[in-house]
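First listed ligand is number 1; within each ligand, the first listed atom is number 1.
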Amino acid sequence: MTITVYELDGVDDVRFSPYCWRTLMALKHKGIDDFERVPVSFRDRSPIAFSGQERIPVLVDGDHWVNDSWNIACYLEDAYPDGPALFGSDIGRSQAQFVNAWTQRIQNPGLINIVLWDAFQAVDPADRDWWREDREKMFGRIEDYKENQSEKLTAWRRDLDPLRMTLGDQPFLGGQAPAYVDYLVFGTFLFACYVGREDVIEADDSLQDWLGRLLDMFDGFARQAPKTMTSER
Ligand SMILES: N[C@@H](CCC(=O)N[C@@H](CS)C(=O)NCC(=O)O)C(=O)O
């Protein structure tokens, strides 16, 4: 039976949600290729009204649905035990939960603070009034995020040192092979990439080797996805 993933849609079919990318990579990791991707706009979440909440991703598998990327990863691990493991063990699952929390509280907000203006331009023009009003309630004027980028970037890049240390000793955060912990962190870099900010990771950063390995996976699934060409910085 085909699995359906509801994901946020941007301009020109760019799908930049870091949380949706975790789910997409987790599906591929499990060897599930037969899934349908349904775009949902920022201003109209009616396609996921059945889930009783407004956040994306939502996954539907037959008559079962799951929301929240963490719950989805746990569902896939438990419902598809014959595919490659996402967590490897109960201990691995618990440790991945820490990484999930780190990305949600530290890595993603830090990046948003740098690329909010770029993200705005990756939003479908039909959604931009909605998006501006909603985001400005949380973050203040979007245009202000064009300022002080280099100081913020320096601090954000420095805070990625634990990743560099770990990946200095092993090819993936999961060890010798990728695991859900890799997709958790990778989703945030994909978000930067798809909103036109690949430069948040410098070309000579050692993290590029790991990023390249993940971009190559599943026949370049993430590498081939549409990106926004930022019109103004
Ligand atoms: N904890 C949730 C977070 C999901 C989330 O925040 N999704 C974003 C997309 S990246 C969303 O639905 N945003 C709606 C909005 O921005 O208005 C998860 O891991 O799935």
Atom indices of ligand 1, in the order listed, that fall short of 4.0 Å to a heavy atom of Gln104: 1 (N)
Identity and distance of the protein heavy atom lying nearest atom 7 (N) of ligand 1: Ile56 O, 2.8 Å
Shortest protein heavy-atom distance from atom 19 (O) of ligand 1, along with the residue and atom involved: Ser69 OG, 2.5 Å
Atom 16 (O) of ligand 1 - nearest protein heavy atom and its distance: Arg135 NH2, 2.3 Å
Lys/Arg cation over aromatic Tyr80: Lys30, 6.0 Å, 45° cone: no
Main-chain N/O of Pro171 paired with Arg213 side-chain donor or acceptor, under 3.5 Å: yes
For atom 10 (S) of ligand 1, the protein heavy atom that lies nearest, with its residue and separation: Ser17 OG, 3.0 Å
Subset of ligand 1 atoms that lie under 4.0 Å from at least one heavy atom of Pro57: 20 (O)
Heavy-atom donor-acceptor pair, Arg157 side chain to Ile201 backbone, under 3.5 Å: no
Lys/Arg-Asp/Glu bridge criterion (N-O < 4.0 Å) met for Glu77, Arg93: no
Within the 6.0 Å centroid threshold, strictly below: Tyr75 and Trp65: no
Nearest-neighbour protein heavy atom for atom 14 (C) of ligand 1, which is reported as residue plus atom name and distance: Arg45 NH1, 3.5 Å
Protein heavy-atom partner closest to atom 1 (N) of ligand 1 - residue, atom, separation in Å: Asp68 OD2, 3.0 Å
Closest protein heavy atom to atom 6 (O) of ligand 1, given as residue, atom name and distance to 0.1 Å: Arg55 NH1, 2.9 Å
